[in-house]
Amino acid sequence: KPTTFMNRSGQAVIAAVNFYRIEQADLLVVSDDHALPIGRLRFRAEGSAGGHNGLQDTVERLGTDQFARLRIGIGPPVGSWVDFVLTPFAPDEQPQIEKVLAQAADGVECWVNEGIDAAMNVFNADQNPAC
């Protein structure tokens, strides 16, 4: 279990990669994404951090942006960033969060069994996916 702050996620990622000797092709980083609507998933095979400090730290520590990631939409910030990221989801958002977390678990399983292309094709396109 990481003990780093989210903005320093790369510390935990690089430690796990080195300890378990994880190949780049076998790495999937999961993060929140305020640019996606709440409850939406987006798999990517590679790419920029997109303004996410934790992903940026991971890119910097790995020395590459060539790793798979799964972004889970949390919607745009309401109020200050600090309050937004430290406040629990509203009661009316809970059903969406529970649903997307179950879909994310299915998506990770799809990624493990079928690869990033299958995960992107299924989970980026459909709100009720099945791989």
Side-chain angles (χ1 to χ4, degrees):
K1 182 177 178 182
T3 57
T4 58
F5 288 105
M6 187 283 306
N7 286 352
R8 298 293 171 246
S9 297
Q11 292 174 351
V13 172
I14 196 70
V17 164
N18 290 337
F19 182 82
Y20 292 107
R21 297 185 177 113
I22 299 170
E23 298 293 326
Q24 222 167 286
D26 297 327
L27 178 64
L28 176 69
V29 174
V30 180
S31 68
D32 61 358
D33 190 336
H34 68 83
L36 289 175
I38 191 168
R40 187 84 170 101
L41 297 177
R42 174 93 21 95
F43 276 93
R44 290 284 183 245
E46 60 188 45
S48 74
H52 191 287
N53 292 334
L55 280 176
Q56 183 61 41
D57 190 58
T58 301
V59 167
E60 289 171 7
R61 291 181 186 271
L62 291 174
T64 183
D65 64 1
Q66 305 294 301
F67 58 88
R69 71 271 328 261
L70 168 58
R71 294 180 178 226
I72 302 173
I74 60 171
V78 178
S80 77
W81 273 105
V82 172
D83 290 339
F84 179 70
V85 298
L86 296 179
T87 301
F89 290 101
D92 64 319
E93 295 171 327
Q94 288 298 327
Q96 289 175 290
I97 295 303
E98 290 173 16
K99 181 179 177 183
V100 77
L101 291 178
Q103 287 176 340
D106 292 342
V108 170
E109 187 174 342
C110 179
W111 173 79
V112 167
N113 294 323
E114 305 292 331
I116 190 66
D117 289 335
M120 288 189 303
N121 288 336
V122 172
F123 290 85
N124 290 3
D126 194 322
Q127 289 302 104
N128 295 304
C131 196

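Across all non-hydrogen atoms, the minimal contact from Met120 to Arg44 is SD-CA, 4.0 Å. Between Leu55 and Ser31, the shortest heavy-atom distance links the atoms CD1-OG, 3.7 Å. Across every non-hydrogen atom of Gly107 and Ala119, the tightest pair is O-CB, 4.3 Å. In terms of heavy-atom proximity, Phe43 sits nearest to Asn124 at N-OD1, 2.6 Å.
Across Val30, Leu36, Ile38, a single residue satisfies side chain to side chain contact (heavy atoms under 4.5 Å, CB included) together with Ile72, and that is Val30.
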From CA spacing to verdict: side chain to side chain contact (heavy atoms under 4.5 Å, CB included), Leu70, Phe123
CA-CA 10 Å; Leu70 168 58; Phe123 290 85; over 6 Å; no
Test log, rule side chain to side chain contact (heavy atoms under 4.5 Å, CB included), inputs Phe89 and Gln96
CA-CA 10 Å; Phe89 290 101; Gln96 289 175 290; over 6 Å; no
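The salt bridge (Lys or Arg N to Asp or Glu O under 4.0 Å) analysis of residues 63-77, with sequence neighbours excluded, yields the pairs Asp33-Arg71.
Within 6.0 Å of atom CZ in Phe84, more than 12 heavy atoms from other residues, nucleotides or ligands are found, so the atom counts as buried in its surroundings. The neighbour count for Glu109 CD, taken as heavy atoms of other residues, nucleotides or ligands under 6.0 Å away, does not exceed 12.
Although no hydrogens or angles enter the test, the distance criterion places a donor-acceptor pair under 3.5 Å between the side chain of Gln24 and the main chain of Gln66. Using modelled atom types, one side-chain atom of Asn18 and one backbone atom of Ile14 make a donor-acceptor pair closer than 3.5 Å.
The side chain to side chain contact (heavy atoms under 4.5 Å, CB included) search around Asp83 returns Ser80, Thr87, not counting sequence neighbours.
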